[in-house]
Student: 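The structure under discussion is supplied below as structure tokens; questions concerning it will follow.
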2 protein chains.
Amino acid sequence: MYNILICDDERDIVSALKIYLKDDNYRLFEAANGKEALEVIGKNDIHLALLDIMMPVMDGIETMVKLREQSNLPVILLTAKGEDADKVLGLNLGADDYITKPFNPAEVQARVKSQLRRYMQLGSGRIGGDTLVIGGVELDDKAKVVTLDGESVSLTPTEYEILKLLMQNANQVFSPKEIYARVWKDAPLGSENTVAVHIRHLREKIEIDPAAPRYIKVVWGQGYKMERGK
Amino acid sequence: MYNILICDDERDIVSALKIYLKDDNYRLFEAANGKEALEVIGKNDIHLALLDIMMPVMDGIETMVKLREQSNLPVILLTAKGEDADKVLGLNLGADDYITKPFNPAEVQARVKSQLRRYMQLGSGRIGGDTLVIGGVELDDKAKVVTLDGESVSLTPTEYEILKLLMQNANQVFSPKEIYARVWKDAPLGSENTVAVHIRHLREKIEIDPAAPRYIKVVWGQGYKMERGK
DNA sequence: GCAAATCCTTAAGATTTCTTTAAGACCCGG
DNA sequence: CCGGGTCTTAAAGAAATCTTAAGGATTTGC
């Protein structure tokens with residue numbers, strides 16, 4: 001359940017956005033100007049804010065600058081056509097995205113969803129130093145989170161370690177013994193079958209068709225590898 | 001889907017670029033300095049990098065020079081007006097393009113698209129330390145992958161080992177007995193015919209016409225060799 | 001601490017892929 | 001044109017991987 005703040009002085013805009021964002025997963029908060037917005041954000045655990053640029057008392061840009069002094073939650077600016085100067089200024093001052101009026105409902109939903117996912121799952125959305133990416137598979141080693149085409153995938157610790165090993169050494173082939181040694185940090189006694197079972201489980205989670213894997217490939221007589229590129 | 005790295009120490013610049021380059025075909029990575037940039041590039045399959053020239057820890061020029069030691073992926077430098085000297089230096093050291101701040105969104109999109117197209121069309125095949133090449137045949141020992149004129153070829157473990165032996169010792173003739181001894185690590189008992197069968201299979205996979213082999217030649221009464229050069 | 005849920009391992013049979021064998025055809029040099 | 005070396009083909013045999021299920025270990029939540 002995500003908390004979303006909608007901030008605009010025009011009640012009609014607020015109403016429209018509330019309808020567009022009607023979703024069991026969203027709890028919607030309102031504010032009529034920047035000052036109210038900051039109060040709401042201060043009192044509640046807001047996950048994303050939609051701020052109109054043109055507002056009385058305190059405008060969207062000013063609000064966002066104040067907000068950025070203490071938080072980096074996603075801010076989507078609402079702009080009217082032709083306010084390009086404000087838009088660029090806003091982006092340079094830390095906004096994450098913008099939507100131009102009049103709104104396209106699907107676009108609003110998509111951008112909100114996208115920013116939330118970025119913020120929640122990837123820890124403020126940065127695909128940076130600790131994130132491995134191969135095709136549609138993303139592994140964030142800081143957050144210990146794996147996503148497949150944007151959808152979060154839940155892996156067990158062992159599965160996670162195996163996937164990490166393979167992703168850190170993309171295209172390199174590891175024999176089951178080698179995988180066992182490096183993940184369990186122990187000598188592989190007899191049961192390399194264990195590795196096969198975990199590979200199977202991994203494939204069930206990150207492959208569309210485990211029988212025709214896109215990512216975790218087997219090289220006969222050699223071992224497994226995570227394939228990057230074509 | 002292309003992976004693009006945005007590297008700038010100013011978060012606002014990064015945010016702005018991220019929005020300009022928002023595209024379903026791009027996956028955007030961030031780094032705050034050259035050191036991080038190299039890490040991200042090392043861990044992921046980045047297709048294009050936008051590097052700010054002025055950065056702490058490691059500047060854009062230095063980063064690019066390091067990068068060029070191992071990759072030729074497109075680099076677009078981000079320069080402030082007036083940094084013309086750096087710009088020229090950067091282009092001479094291997095940058096592919098540059099963009100001057102403040103950015104024009106359309107220009108950013110166009111240059112990125114153009115560089116990506118150029119890079120993708122030219123093919124980016126880089127050959128690392130563990131790759132053997134003879135004619136159109138490439139053997140990557142890390143990935144256990146063999147390609148013929150760019151097309152991947154699937155070999156069995158034994159076939160692979162034989163090919164590796166022959167490629168590692170190009171032009172050198174090995175008798176079937178010797179091949180058996182070195183690949184099987186066992187004394188050749190009776191069945192050197194086995195080697196002939198594997199050679200046949202290899203030829204079917206990497207020769208256009210197995211009856212008139214280009215690569216795996218036979219020397220009568222002596223054995224086989226992988227021929228380099230014409 | 002205890003119960004429940006989750007996860008890891010083991011095992012065995014099924015399946016796929018690879019290797020070897022064998023027999024005959026073919027090719028080269030003398 | 002004859003003999004030994006090489007090639008080809010098919011099919012049986014061997015090996016590796018896959019799959020599934022279930023018991024035991026570990027972790028989690030209360």
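Just so we're on the same page: letters track the sequence lines, and every chain starts at 1.
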Student: How close do A:Tyr215 and A:Gly136 get, heavy atom to heavy atom, and via which atoms?
Tutor: OH-N, 2.9 Å
Student: Is it the case that the side chain of A:Asp8 and the backbone of A:Asp52 share a donor-acceptor pair, with hydrogens and angles ignored and the cut-off at 3.5 Å?
Tutor: no
Student: For a quick check of understanding: with a heavy-atom distance under 4.0 Å over all strands, which category does A:Tyr160 fall into, base, sugar-phosphate or nothing?
Tutor: nothing
Student: Look at the rings of B:Tyr26 and B:Tyr2 and say which category their plane angle falls in: under 30° parallel, 30 to 60° tilted, over 60° perpendicular.
Tutor: tilted
Student: Under 4.0 Å between a side-chain N/O of A:Arg200 and OP1 or OP2 of D:dT19, yes or no?
Tutor: yes
Student: Mind checking whether B:His201 and B:His198 have parallel, tilted or perpendicular rings, split at 30° and 60°?
Tutor: perpendicular
Student: Along nucleotides 6-16 of chain C, 5' to 3', which nucleotides get a B, which get an S, and which get a -, given that the test is a protein heavy-atom distance under 4.0 Å?
Tutor: -SSBBBB---B
Student: Over how many whole Å does the gap from A:Phe174 atom CZ to D:dA16 atom C1' extend?
Tutor: 20 Å
Student: For nucleotides 24-26 of chain D, which of its nitrogen or oxygen atoms have a protein nitrogen or oxygen under 3.5 Å away, and what is each distance?
Tutor:
none

Student: Examine distances only and state if a side-chain atom of B:Gln115 and a backbone atom of B:Val75 form a donor-acceptor pair shorter than 3.5 Å.
Tutor: no
Student: Give a yes or no answer on whether the side chain of B:Lys205 reaches the backbone of B:Leu202 with a donor-acceptor pair at less than 3.5 Å.
Tutor: no
Student: Give the table of side-chain donor-acceptor pairs shorter than 3.5 Å for residues 219-226 of chain B, with sequence neighbours excluded, one pair per line with atom names and distance.
Tutor:
unit_1, atom_1, unit_2, atom_2, d
B:Lys225, NZ, B:Glu227, OE2, 3.4

